[in-house]
Amino acid sequence: MAINSPKTDCDIVLIGAGVMSATLGVFLKELDPTLRVEVYERLDKVAAESSDAWNNAGTGHSGLCELNYTPENADGSIDISKALKIVESFEVSKQFWSYLFQHGYMGSPRDFINSIAHMSFVWGDKDVGYLRRRHDAMVKNHLFRGMEYAADHAQLRDWIPLVMTGRDKSQPVAATYMPIGTDVNFGTLTRALFNHLKGRHDIDINMQHEVHHLHREKDGTWRVGVTDLATGHSKTIHTGFVFIGAGGGSLPLLEKSHIQEGKGFGGFPVSGEWLICHNKDVIEQHHAKVYGKAAVGSPPMSVPHLDTRIIDGEKALLFGPYAGFSTRFLKQGSLMDLPLSIHLDNIVSMLGAGIHNIPLTKYLIDQLRQSPEDRFKALQEYFPEAKFEDWTLATAGQRVQVIKHDQKEGGVLEFGTEVVHSADGSIAALLGASPGASTSVSIMLELIEKCFADRVKTSQWQAKLKEMIPSYGQSLAHDEALAIATRKRTHEILGLTLI
Ligand SMILES: Cc1cc2nc3c(=O)[nH]c(=O)nc-3n(C[C@H](O)[C@H](O)[C@H](O)COP(=O)(O)OP(=O)(O)OC[C@H]3O[C@@H](n4cnc5c(N)ncnc54)[C@H](O)[C@@H]3O)c2cc1C
């Protein structure tokens, strides 16, 4: 890769000013302060798409409460491997943020991360049995230790009065309670990272600049075509490395790069909506993120949750997300995004994924048909005494789920995130949505290991990585002493609840 080459205009181009580009930019400038970095963002604000606090759930997806990360096996046992991977990734994120705070790169941790208990809540004998078995399986691992389980109405009323008041006392219910959960404002975090980057040498952040073209030169460098949306003026930037961190806009740019590794990918957009509470008395009575079970056929990211948020210093209460469908790939995108993304090399994947996801299609149609009263009924399952007039509907962010080529099925719809990179490591794109921002640090580390493989091996980069992420290269899921010490350290630095 042509890094630090006098022939190029810059070493690194980051497309998009969301949490992913921010994280990668900070990592790279820490690893090599001489890198010349240019950021291009089509909007006039940083973090205005998925990374904005009102556009995502800010859960700090840490595998503690999301039931879709702990599926049930055919024999009734619970597979916790996905939750374990996510909780470990979130511990890595907290280490990176601790490093940034300790080095004065950002203000108070209270601006972006706050302790909020993470809970799972279910009703009905079948789901109560599932939750009990899930709890038994999880607490065997040290990273989930301290998670409490209760099926007793009185205990649950103590934890979540809004959820329990007015509920039929004969209804079998159960919940798990994990006090070390967090709420993260990824918008504030992203803005803090870009503010820090702005103050460094050799970094240029260009707002209202849309990338429309990518061309690989014979020597492996890239020419990036950009239009200044304020003036209409276009230019080309010559660079050694490109990161496509354009959120929903990543797929069309990956297609434009024409790299072999990007062939066969498609995208399926799923939009979201929240009910937002504006009654302060009600907001004050709830202090937890309460996640339920997703309806049959629904995508995992539409798991309903009654969610305490801390946004710009204010406590808020949200319920949702309700899934929706739009052909836009970005909240501020074009209705032509989906049709224009379909090409000869991904049509088989798209059709295959469509044929094998009829329940999802049916679920989305049902969601689109919902009246305000239907949406309110869904809220009342979690908050029986909710009042219609206390809530208003707002649009959340847009997610583009990855469709991947599959030999057997033609194409499969994936709900995770995917780093796609060229064999020479000169370009990488991030596709998909969940878990996203919470695991942004691990995702960007993986990208650095793949695209900067030679430099990662050097003693300087190894030492710096260890300084930023002291557990780097070791397993927090398997090393109990390391995991406990790491969590204690980061929670003390970030001022978070510790048990
Ligand atoms: C409803 C919802 C709930 C979610 N909940 C959670 C959660 O609880 N926990 C979690 O970890 N994650 C969650 N996520 C996912 C998380 O929000 C994303 O993974 C994360 O914000 C993605 O960051 P990003 O930087 O890749 O993309 P974005 O924040 O979307 O940034 C991409 C940027 O690229 C810009 N751009 C696009 N195309 C171009 C172009 N051609 N040229 C220049 N700029 C361009 C866009 O304008 C945008 O600013 C949720 C997402 C949604 C929608």
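Nothing fancy with the numbering, it's 1 onward along the sequence. Read the numbers this way: they start at 1 and go in the same order the structure lists the ligands and their atoms.
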Could you check whether [X] pairs with [Y] (Lys NZ or Arg NE/NH1/NH2 to Asp/Glu carboxylate O, under 4.0 Å)?
X	Y	value
Arg200	Glu30	yes
Asp337	Arg328	no
Glu446	Lys450	yes
Lys94	Glu91	yes

Does any N or O of ligand 1 fall below 3.5 Å from an N or O anywhere on [X], backbone included?
X	answer
Trp274	no
Ala437	yes
Val211	yes
Val19	yes
Gly248	no
Ser21	no
Thr439	no

Test item: side-chain donor near acceptor, [X] and [Y], under 3.5 Å:
X	Y	answer
Ser89	Thr439	no
Arg110	Asn114	yes
Gln95	Ser471	yes

For atom 27 (O) of ligand 1, which candidate among Gly397, Gly247, Ala22, Ser89 holds the nearest heavy atom?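 It is Gly247 that holds the nearest heavy atom.
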I'd like the name of whichever of Met20, Glu66, Lys256, Arg42 reaches closest to atom 43 (C) of ligand 1 through any heavy atom.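 Among Met20, Glu66, Lys256, Arg42, the closest heavy atom to atom 43 (C) of ligand 1 comes from Arg42.
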Heavy-atom distance under 4.5 Å between the side chains of Arg487 and Ile180, does that happen here?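 Result yes, sub-4.5 Å side-chain heavy-atom pair found.
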For the residue pair Val303 and Glu66, establish whether any side-chain heavy-atom pair is separated by less than 4.5 Å.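 Answer no - side chains too far apart.
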Hey, is [X] touching ligand 1 through its side chain, its backbone, both or neither, going by heavy atoms under 4.0 Å?
X	answer
Val46	neither
Ile15	side chain
His212	neither
Leu253	side chain
Pro321	neither

side-chain hydrogen bond (donor to acceptor under 3.5 Å, both in side chains) between Thr8 and Thr239, intermediate numbers included: CA-CA 5 Å; Thr8 55; Thr239 183; over 6 Å; no
Going by the order shown, which atoms of ligand 1 are within less than 4.0 Å of some heavy atom of [X]?
X	result
Asn55	1 (C), 2 (C), 52 (C), 53 (C)
Leu43	47 (O)
Ala57	3 (C), 4 (C), 5 (N), 6 (C), 8 (O)
His61	7 (C), 8 (O), 9 (N), 10 (C)
Leu330	37 (C), 38 (N)
Tyr40	43 (C), 44 (N)

Anything under 30° is parallel, anything over 60° is perpendicular, the rest tilted; go ahead and classify [X] against [Y].
X	Y	value
Phe90	Trp97	perpendicular
Tyr105	His103	tilted
Tyr382	Phe319	tilted

I'd like to know if the side chain of His196 reaches the main chain of Phe194, judged simply by a donor and an acceptor atom lying under 3.5 Å from each other, with no hydrogens or angles considered.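 No; zero donor-acceptor contacts below 3.5 Å.
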With the threshold set at under 4.0 angstrom, would you say [X] reaches ligand 1 through any of its heavy atoms?
X	answer
Ser438	yes
Ala48	no
His209	yes

